[in-house]
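Chain identifiers are assigned alphabetically (A, B, ...) following the order of the sequence lines, protein sequences preceding nucleic acid strands; residue numbering begins at 1 within each chain.
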Amino acid sequence: MKTLGITALVPPEIVFACGFKPFDLNNIVPTSTTRPKNKLCAWTAIWREQIMNGELDLDSLVVVAGGDCHNALVDGQRAAEKIPAFYLFYPFDGNKEYLKSQFERLSLFLGGITDPGIMKTVKSVKENLMKLDQLRSQGVISSELGFQYLISGCDLQGDPTAFKEELSRIPRERGGDLASMHRVALIGVPPIHHDFHREAERLGLHIVFDEMPFEFIRHTGKNINELAESYADYTFARDLKYRFDFLKEELGKRRIDAIIHCTQFACHHVLEDGMLREHLQCPTLTVHSDLPGPVPEQLKLRIEAFSELLWRK
Amino acid sequence: MIRYGVDVGSTTAKIVSLTPELTYRVTESRNWETLLEGIPANEIASTGYFRHKIPHKIAATEITTAIYGVKEYLNDPEVIVDIGGQDTKVTDVRRNNFIVNDKCSAGTGAFLEFIAHYFGLKVTDLSKIHHKAAHTININHTCSVFALSEVVSHLVDGHTIEDLIASIHQAFAERIAQMIPEAEKIVLIGGTAQNRGITISLEEILKQEIHTPPNPQIINALGALRYGEEKEE
């Protein structure tokens with residue numbers, strides 16, 4: 001099976017149906033020791049560097065460029081010197097017909113749909129991930145354990161059947177200790193620090209919502225029409241008010257005490273911070289990360305201080 | 001029983017007690033152990049970067065202890081600006097909100113030490129020199145190293161050291177001011193708050209009075225003590 005590198009929300013339903021195995025390049029970044037040249041955002045620069053150095057066994061690449069990450073658009077064009085690349089553009093206005101045409105073009109790039117039935121399998125895995133997300137929100141599993149699987153909602157670790165099997169084996173063993181912690185939503189890009197959820201929990205914060213992984217798991221469908229219908233609501237690609245309204249509703253359902261807004265050095269999402277604070281009206285800690293690795297001491301101080309201040313309220 | 005508040009930051013270590021009057025000692029951070037000789041850990045509430053490393057019974061971050069410490073001198077502070085050796089923390093007490101600059105040293109004590117060292121001055125002399133300035137010049141660079149390059153070029157152009165020190169204070173204060181939300185009661189703490197040049201520049205930019213408690217460098221240690229006492233109850 002050929003491997004397709006993807007850079008954000010690329011429907012795994014289509015990738016599997018076209019006979020490819022999706023591999024989310026972002027998932028290699030948090031534990032990476034690569035220090036790329038000519039870097040703005042470490043996420044895109046690291047996978048670009050690894051592709052350029054031939055360190056990844058990929059057959060093709062799909063870059064989500066429109067409506068999400070402009071650094072990826074540039075780094076993707078650089079990487080395209082090494083492997084064939086397709087640029088996926090989500091519509092800003094949620095136009096389903098436009099998105100359907102994008103998905104049809106994506107299918108053609110991948111050689112056409114050969115196994116349409118697998119979309120149903122992917123859909124059922126995502127339904128299980130939605131249940132897992134609920135269990136985490138209920139405090140039955142830890143932030144870290146939940147995140148580890150939810151973040152894989154983008155590529156289902158390359159094998160939907162094996163991944164579904166793995167999901168069924170997740171222990172449901174946590175309880176009271178999580179209930180006594182502050183309930184936190186993680187908004188923005190996923191943290192680039194691989195132990196972020198564990199550290200947050202150690203410092204008294206139970207992360208019960210991860211914005212980007214939730215986008216990975218809530219969109220699905222059994223055919224191109226259904227996929228276009230669902231993915232057109234991908235909030236990261238839409239206008240900010242649309243996204244914030246969606247978040248407000250989701251955060252309300254989960255009885256959130258506070259928000260951690262994860263931003264990345266040289267990313268335009270940093271500019272959203274003030275608007276997000278005004279719109280969501282919730283105690284907010286903004287994290288501004290750069291290179292991957294464990295949570296740095298400076299950031300632990302901020303998380304600890306944030307936790308202390310939440311007890312003051 | 002908590003009897004001491006200890007703040008070991010990136011640059012200096014402070015110990016405070018109230019028995020019953022305020023007494024304190026300050027030393028360099030690398031010598032923090034000398035402050036704790038003969039003091040059992042269960043009498044210490046700690047804060048600062050070393051809060052978990054030093055012996056302690058209770059620990060809290062500087063953001064929390066600053067609130068407790070400032071309240072010893074001022075009722076209902078709205079915003080606390082804590083200029084530390086390697087970062088600056090701005091806490092909006094009204095909203096339980098804070099921001100910290102850590103990507104750049106231009107708004108921290110380290111920047112002033114860097115500048116003082118270049119001119120062969122002590123950091124504690126900067127305030128006196130500021131008052132002798134005739135006028136200020138815009139320092140545009142936000143990076144400490146490039147700001148110094150800019151200062152050197154002004155020196156070459158014939159500007160006085162006094163004018164340049166005042167200009168640096170102005171640039172420093174402008175950087176801090178960007179982090180401060182609108183408020184009526186703004187308090188400045190940390191060792192750098194002893195530099196009147198910074199306070200004056202900040203007051204000129206914000207067009208309002210900036211409150212500075214006595215001994216601003218020990219406020220976090222004092223706050224740690226009060227926080228520890230409260231947690232023990």
Point to revise | Full working for side-chain hydrogen bond (donor to acceptor under 3.5 Å, both in side chains) between A:E297 and B:H52 | key: CA-CA 12 Å; A:E297 288 302 317; B:H52 294 304; over 6 Å; no
Revision key, fill the gap. Between the CG atom in B:N96 and the CZ atom in A:F306, the distance rounded to the nearest 0.5 Å is 9.0 Å
Check your understanding: Are there more than 12 heavy atoms of other residues, nucleotides or ligands under 6.0 Å from atom CZ of B:R3?
Key -> no
Review point. Tell me, do B:I63 and A:E304 make a side-chain contact under 4.5 Å, heavy atoms counted?
Key: no
Exercise for review: To the nearest 0.5 angstrom, please state how far the CD atom of A:E308 sits from the OG1 atom of B:T65.
Suggested key: 8.0 Å
Check your understanding: How long is the gap from OG1 on B:T91 to CG on A:L309, to the nearest 0.5 Å?
Key -> 7.0 Å
**Study point:** Over 12 foreign heavy atoms within 6.0 Å of CZ, A:R78
**Key:** no
Check your understanding: If you count the non-hydrogen atoms of other residues, nucleotides and ligands that lie under 6.0 Å from CZ in B:R94, is the total more than 12?
Key -> yes
Practice item. Could you grab the distance from atom CD1 of B:I99 to atom CG of A:L285, nearest 0.5 Å is fine? Key: 11.5 Å
**Study point:** Which atom of B:F98 lies closest to which atom of A:R302, heavy atoms considered
**Key:** CZ-O, 3.3 Å
Check your understanding: Between A:T284 and chain B, which part of the residue has a heavy atom less than 4.5 Å away: side chain, backbone, both or neither?
Key -> backbone
Practice item. Nearest 0.5 Å please: distance from the OG1 atom of B:T61 over to the NZ atom of A:K300. Key: 15.0 Å
